[in-house]
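To start, the structure itself, in structure tokens.
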Amino acid sequence: MGDLNDFVRLAGLMSGAGDPDKSSRALGEALAADLVAVLRGNSIEDSIVWKDAAMSEDELIGSLGGRGQGSRRMFIGSRAVMTVPLRPLDLDLVMSRPDQEFSADECEFATAVAALIGASRAARDSARLNLQMQDDMHSIESRLERSRDALENNQGLLDRLSRIQELIARRPPIDVLLESVVTSASYLIDADAVDLHLRDTEVGGDTRAGSIWDDPTTARVATTAMQEDRLAIAEDDSSSPIVDRPASCAHALAAPIRVSGRIVGCMVAARFSKDRPFSSPEHESMIALALHASIALQDARAVDAMRMSLERERHRSEHDHLTGLPNRVTILERLEHRLENAGPVPIMVMFVDIDDFKMTNDELGHRAGDEALVVVADRIRSAVRTEDLVGRIAADEFVVVCTGMSELGAMELARRIQDQVALPMRLSGRDHLLTVSVGVAGASTTDSAEKVIANADLAAGRAKQSGRSSIEVFDVELRRLQRKRVATQVELRSAISANQLRVFLQPVVSLPERRVVSFEALARWRHPRRGLIQPDDFIPLAEESDLVREIDHRIIESTLKLVSGQDSPLPIAVNVSARTLADPGLADWFWAKFEQYGVDPGMLVVELTETVLLSPTRITMTQLDQLRSQGVQVILDDFGTGYSSLSTLQNFDVDGVKIDRSFVSILGEDARARAIVSAVFHMAAAMGLGVVAEGVETDAQAELLVRLRDDSGEVALSGQGYLFGRPAEGLEVISGYLPLLTGGESTS
């Protein structure tokens, strides 16, 4: 079924067509019916549309069981069937279509249109009857006069209904629409009073108005119409003399008004003179007008529902679903607007970052973490002024925008926010404490919203480095660092295009044998002026944008070229960032490159930092599963430095872990580091994982690792570090460590 506007336009076309069969066919086409017929009693009078796919006449008549039961919807076998009365004629219009049931809205609309078709058909039949009675001129003239009156009434009804339909299509306020229906009823029915009553607050509220509703006759007929869902008629029941306004009206009509199949009110017409009863055509006009009031209300409700849905969607798109605060996009738009209109008025931006929030999630669970975020949001709102703008732009990061506030005032507000957030909060049945670090930045007249927030973010980053619950203001030094970061990002983009990135390899050896078993591919930037730049100086900047994805692809492809050039290659590990893993086509890209270079997927190891798996997406997990199914190994890098190492291993399949160099470097000096490494070995033995120790620089560290491994059980242990070789470029590493491949001494 089309939308309401299509049906309004269809009804308008039919109202002027003058051919009921064409109108019936048009209605059938609008409802996708392949059977349209007129039923009189227990027989088909007219077969307007009867396609080969439709049922037989006997099957249809036998299943309907006759007519005269009003509007009906049913299934006959696999076919949906609907009948609607063709008033004022003793006929029904029957429509059928395969499989798809007719809806209540379609039935209601078809009933309204059938009233128009019935009126048109009655007019046609009346004209035919007049032509058959030419032997009696007086009778003919009399009948022609009545026929002309009926046609004029019908044409008047059609004209009024067409106007109402055109008005519905323009979608004015609902009270204007209903007033048009009432005015049309007054014109067509020539009643002393016409009123419309809605009892359903969902579609306009209680609109009962006027003394017509105080009359017992109109009250009774209105109640009957709404309770029994039909046209109710009240004839003269007044015993008092006819005066201008008797205690009870002489004649009344009431027709129910429906929305989505539910009675929501009625329209009532009254006459106070006993000798002016309502005629049958006026009854039909009342029904048609009430149906059009129903259509108008249905359309109005649909428009309101759409508007409310759009408003909800807009609110969801502009606000954070958890805290209800404006999200990053909205904050940027509103801050940009304030910057454009602030003039000389100062604007301060605060970047509020919760300290160690991941520990809260790990300790109490994500549900409690969400509760904490809601509490923090409420406390920030309670600390700021009414005119200040508060938003949540990331998981544990909030922004406050203050107009007309000095830097000193912003510092004081930041302290108030810290004091509010630091109050104990009840999470998961126990008290919990949180602190926030705050960065403050003032906006200049040339700053964009992005830049001001980035400045405040940099200040918050320095505050976190200073310790928990600190406040820092963006200053000249931070501006210099920011400019350096921006310049580095620009240079890095050019470096990728200029092929300045190089693949360095560092050997990984088995312990205690010290035989090279694999390599790790490391990215280096050979800058034309600054020389060789280490990854710590450019990878974090690349990870802030999609540059890291291009770097990952280039390093991986260069690594596959190295592997393809070896007769007996060893596996090489490559680092893959979270942004790269978020690409839904990553696994397919890997497979294409394996085929291009003729490399066995088992020769590639993907290293992931633990943070990649702390908040995994469906796409990320799908790509990892597909890579492992191809034969690619996956190991967890920097193990032990994150917040939920054990839970990560419980939830995700990996082939091994790398013990972070921070533990290996103090292994012989710190009992806690030794205990952690020992625990990793026991866990790896229980889960069947391999272990690589990073940052091995002395023989004593290597020997201690072996002893701790032996105490825990069977674990495949490897070492990586300066003790076994520094990273070097490409094939130099492979050729330089050939002695280690055979168990000899390295010459490098």
For this session: Assess whether side-chain contact (heavy atoms from CB on, under 4.5 Å) is satisfied between Q596 and E557, documenting all intermediate values.
Result: CA-CA 10 Å; Q596 178 181 348; E557 188 162 3; 4.2 Å; yes
Exercise. R549 and side chain to side chain contact (heavy atoms under 4.5 Å, CB included): which partner among L581, V576, D583?
Worked result: D583
Evaluate the side-chain proximity of [Y] to [X]: yes if any heavy-atom separation is below 4.5 Å, no if none is.
| X | Y | result |
| --- | --- | --- |
| Y722 | V696 | no |
| S718 | L511 | no |
| Q701 | L704 | no |
| I354 | F398 | yes |
| I659 | E694 | no |
| V399 | M350 | no |
| T559 | Y597 | no |

Seminar exercise, completed: With sequence neighbours left out, the residues meeting ring pair (Phe, Tyr, Trp, His ring centres under 6.0 Å) with W589 are H553
Check [X] against [Y] and note the closest heavy-atom contact, atom names and distance.
| X | Y | answer |
| --- | --- | --- |
| D655 | V632 | OD2-O, 4.3 Å |
| Q623 | L586 | OE1-N, 3.3 Å |
| S437 | D355 | OG-OD1, 2.7 Å |
| F724 | P507 | O-CG, 3.8 Å |
| F538 | A523 | CZ-O, 4.0 Å |

Validation: residues 367-376 side-chain donor-acceptor distances under 3.5 Å, sequence neighbours left out:
none

Seminar exercise, completed: So the side chain to side chain donor-acceptor pair (under 3.5 Å) pairs with at least one residue in residues 517-526 (sequence neighbours excluded) are Q500-W525, E520-N575, E520-K658, E520-Q720, R524-Q534, R526-E729
For this session: Could you list all the salt bridge (charged side-chain N to carboxylate O under 4.0 Å, His left out) pairs where at least one residue sits in residues 700-709, not counting sequence neighbours?
Result: none
Problem set entry | Inter- and intrachain pairs under salt bridge (charged side-chain N to carboxylate O under 4.0 Å, His left out), touching residues 413-439, at least two apart | E363-R430, R426-D431
Using only atom types and a distance under 3.5 Å, with no angle test, would you say the side chain of [X] pairs donor to acceptor with the backbone of [Y]?
| X | Y | value |
| --- | --- | --- |
| Q418 | V436 | yes |
| Q506 | G725 | yes |
| S665 | S662 | yes |

Are side-chain N/O atoms of [X] and [Y] paired as donor and acceptor at under 3.5 Å?
| X | Y | value |
| --- | --- | --- |
| S577 | D552 | yes |
| S494 | E491 | no |
| N327 | T330 | yes |

Hey, can you pull the donor-acceptor pairs under 3.5 Å for the side chains in residues 671-681, sequence neighbours left out?
none

Is it true that [X] and [Y] make a salt bridge, defined as a side-chain N closer than 4.0 Å to a carboxylate O?
| X | Y | value |
| --- | --- | --- |
| E450 | R328 | yes |
| D356 | K464 | no |
| R462 | D457 | no |
| E397 | R392 | no |

Exercise. Does a sphere of radius 6.0 Å around CD in E714 hold more than 12 heavy atoms from other residues, nucleotides or ligands, not counting ones at 6.0 Å or beyond?
Worked result: no
Seminar exercise, completed: Between the CG atom in D353 and the OG atom in S470, the distance rounded to the nearest 0.5 Å is 11.5 Å
Seminar exercise, completed: Interatomic distance, OG1@T360 vs CG@L427, rounded to 0.5 Å, equals 8.0 Å
